[in-house]
Amino acid sequence: MAKIAMKTPLVEMDGDEMTRILWKMIKEELLLPYIDLKTEYYDLGLKHRNETNDQVTIDSAEATKKYGVAVKCATITPNAARMTEYDLKEMWKSPNGTIRAALDGTVFRAPIVVKGIEPCVRNWEKPITLARHAYGDVYKNTEIKVNGPGKAELVFTAEDGTETRELIHDFTGAGIIQGIHNTDKSITSFARACFNYALDTKQDLWFATKDTISKKYDHNFKDIFQDIYEKEYDEKFKATGIEYFYTLIDDAVARVMKAKGGFIWACKNYDGDVMSDMVSSAFGSLAMMTSVLVSPSGVYEYEAAHGTVQRHYYKHLKGEETSTNSVATIFAWTGALRKRGELDELPELGAFADKLEKATIDTIESGRMTKDLALITSLKDVIVLNSENFIKEIRKTFETL
């Protein structure tokens, strides 16, 4: 059988530790035998990022803008311990943060649902997709530790020198101050990415903030979303048969627990960070969570939602057997290949992605899985497979479809 030909390359971003090992296995067992794979390769492993002064991360983001679709392996964001371990020149920034900023993107995360891995919330029947704004708020904060009495003010100085001041607090003793910000440009990009993704996936869109308390900051998010929706998306949503609505974040949390799923939940940066972990954990495992970064211009970067699985990597280096779940990384590849096929009008690429995802799910539902899933499945008499054999079992299933 001839391999599927590609017209345009994917941007391939290799990563770190155990996920880098899985990345190679997935390509060799599940992709290269069936696809004449065209990629523009970037090594985002921490060692190479250090050698290039992180220029490779910037170059990979620019290539993603050029080609429109990327697939990324999990990468290390260094801390003090990693500085020593990798003998780093400096504590390089998160590659995900760099890429998100370059693409002005919004992160969409959704659980991969399989029989035998039941959600903790019994009424969740369909995946819940979290849309996380990826700029500003506490992630770009400025903080001051106050050691004694004094007055704290929020000051904005316009280009013409005009000052606007608001009293934060009159301190009578020690305390802390935090300043956060966002921009209308970034919020607008976030809104359009959410509306476009809802139309693309034909799902209802929820958006939630706390505008009753944050009457200017959070209310600005609400107003921008509503204005863009009314001017650009109202008729498109109605024609597609989907709904957009705004609610308070606490109301959204209450409603989501009683919902059946099958919708997109858009959140500000911190809310999205927390709620995506809650949803993924309630659905079963972070290793069963897809993640795609979408820019307002229609650029897509697919990755797994989890980290580099450091503990398993150290076992692997010692020659010990690991049972590492590769499902989210496989789905990063299938998501990127499906989108590449859609953009290049190559339906066979999309069909391949669908088939590989089905083979992955069928393998688990037949009782063949990695240890993390075996610990939480309701299936009986399951077979626990090591990292490599799980991928090989998926290939066997794929060959039977």
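As the structure is a prediction and not an experimental result, all values here were calculated from the model.
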*So K151 and L167, side-chain contact (heavy atoms from CB on, under 4.5 Å) or not? Walk me through it.*
CA-CA 8 Å; K151 182 169 68 173; L167 177 68; 3.4 Å; yes

*CD/E163: more than 12 non-hydrogen atoms of other groups inside 6.0 Å*: yes

*Report yes or no: do N269 and Y135 form a side-chain donor-acceptor pair below 3.5 Å?*
no

*Under 6.0 Å from the six-membered ring centre of F221 and within 45° of its axis: does the NZ or CZ of K268 meet both?*
yes

*Going through the distances and angles, do T324 and T370 end up as a side-chain contact (heavy atoms from CB on, under 4.5 Å)?*
CA-CA 6 Å; T324 315; T370 46; 6.0 Å; no

*asked:* If you count heavy atoms of other groups shown closer than 6.0 angstrom to NZ of K140, is the number above 12?
replied: no

*Give the ring-plane orientation class for H316 versus Y313, where under 30° counts as parallel, over 60° as perpendicular and anything between as tilted.*
parallel

*asked:* Would the distance check show the side chain of D43 and the main-chain N or O of D14 forming a donor-acceptor pair, the cut-off being under 3.5 Å?
replied: no

*Can the positive tip of K236 be found less than 6.0 Å from the middle of the six-membered ring of Y233, inside 45° of the ring normal?*
yes

*Between R82 and E17, is the closest basic N to carboxylate O distance under 4.0 Å?*
yes

_I242 to Q203 - nearest heavy-atom pair and separation_ = CD1-O, 3.6 Å

_Carboxylate-amine/guanidinium contact K238 D234, below 4.0 Å_ = yes

*Could you tell me whether R311 atom CZ has more than 12 heavy atoms of other residues or ligands within 6.0 Å of it?*
no

*Decide if atom CD of E345 counts as having more than 12 heavy atoms of other residues, nucleotides or ligands within a radius under 6.0 Å.*
no

Please report, to 0.1 Å, the donor-acceptor pairs under 3.5 Å made by any side chain of residues 103-116, with sequence neighbours excluded.
unit_1: D104; atom_1: OD2; unit_2: S189; atom_2: OG; d: 2.5
unit_1: R109; atom_1: NE; unit_2: S291; atom_2: OG; d: 3.3

*Does the gap between the ring centers of Y229 and Y246 come in under 6.0 Å?*
no

*Take atom CG of D160 as the centre, draw a 6.0 Å sphere, and report whether it contains more than 12 heavy atoms from other residues, nucleotides or ligands.*
yes

*Got a sec, which residues hit side-chain hydrogen bond (donor to acceptor under 3.5 Å, both in side chains) with K392, two or more places apart in sequence or on another chain?*
E388

*Report the C-alpha distance between T75 and R49 in whole Å, list the side-chain angles of each, state the deciding distance to 0.1 Å, and finish with yes or no for side chain to side chain donor-acceptor pair (under 3.5 Å).*
CA-CA 10 Å; T75 47; R49 278 185 273 144; 4.6 Å; no

*Would you find more than 12 non-hydrogen atoms of other residues, nucleotides or ligands less than 6.0 Å from F237 atom CZ?*
yes

*asked:* Closer than 4.0 angstrom, basic N to acidic O: yes or no for K222 and D211?
replied: yes

*Hey, is NZ on K89 packed in by over 12 heavy atoms from elsewhere, all under 6.0 Å?*
yes

Show me the donor-acceptor pairs within less than 3.5 Å that the side chains of residues 329-338 make with the rest of the protein, sequence neighbours left out.
unit_1: T334; atom_1: OG1; unit_2: I330; atom_2: O; d: 3.4
unit_1: T334; atom_1: OG1; unit_2: F331; atom_2: O; d: 3.0
unit_1: T334; atom_1: OG1; unit_2: E357; atom_2: OE2; d: 2.6
unit_1: R338; atom_1: NE; unit_2: D354; atom_2: OD1; d: 3.0
unit_1: R338; atom_1: NH1; unit_2: E357; atom_2: OE2; d: 3.3
unit_1: R338; atom_1: NH2; unit_2: D354; atom_2: OD1; d: 2.8
unit_1: R338; atom_1: NH2; unit_2: E357; atom_2: OE1; d: 3.0
unit_1: R338; atom_1: NH2; unit_2: E357; atom_2: OE2; d: 3.1

_A cation-pi test, strictly: NZ or CZ of K72 under 6.0 Å from the centre of the six-membered ring of Y302 and no more than 45 degrees from its axis. Yes or no?_
no

*In terms of side-chain geometry, is the basic nitrogen of K339 or D200 positioned less than 4.0 Å from the acidic oxygen of its partner?*
yes

*Looking at the rings of F207 and F245, which for Trp means the six-membered one, are their centres under 6.0 Å apart?*
no

*Please step through ring pair (Phe, Tyr, Trp, His ring centres under 6.0 Å) for the pair F263 and Y244, ending with a clear verdict.*
CA-CA 10 Å; F263 56 87; Y244 164 70; over 10 Å; no

*asked:* Could you check whether atom CD of E166 has more than 12 heavy atoms from other residues, nucleotides or ligands sitting under 6.0 Å from it?
replied: no

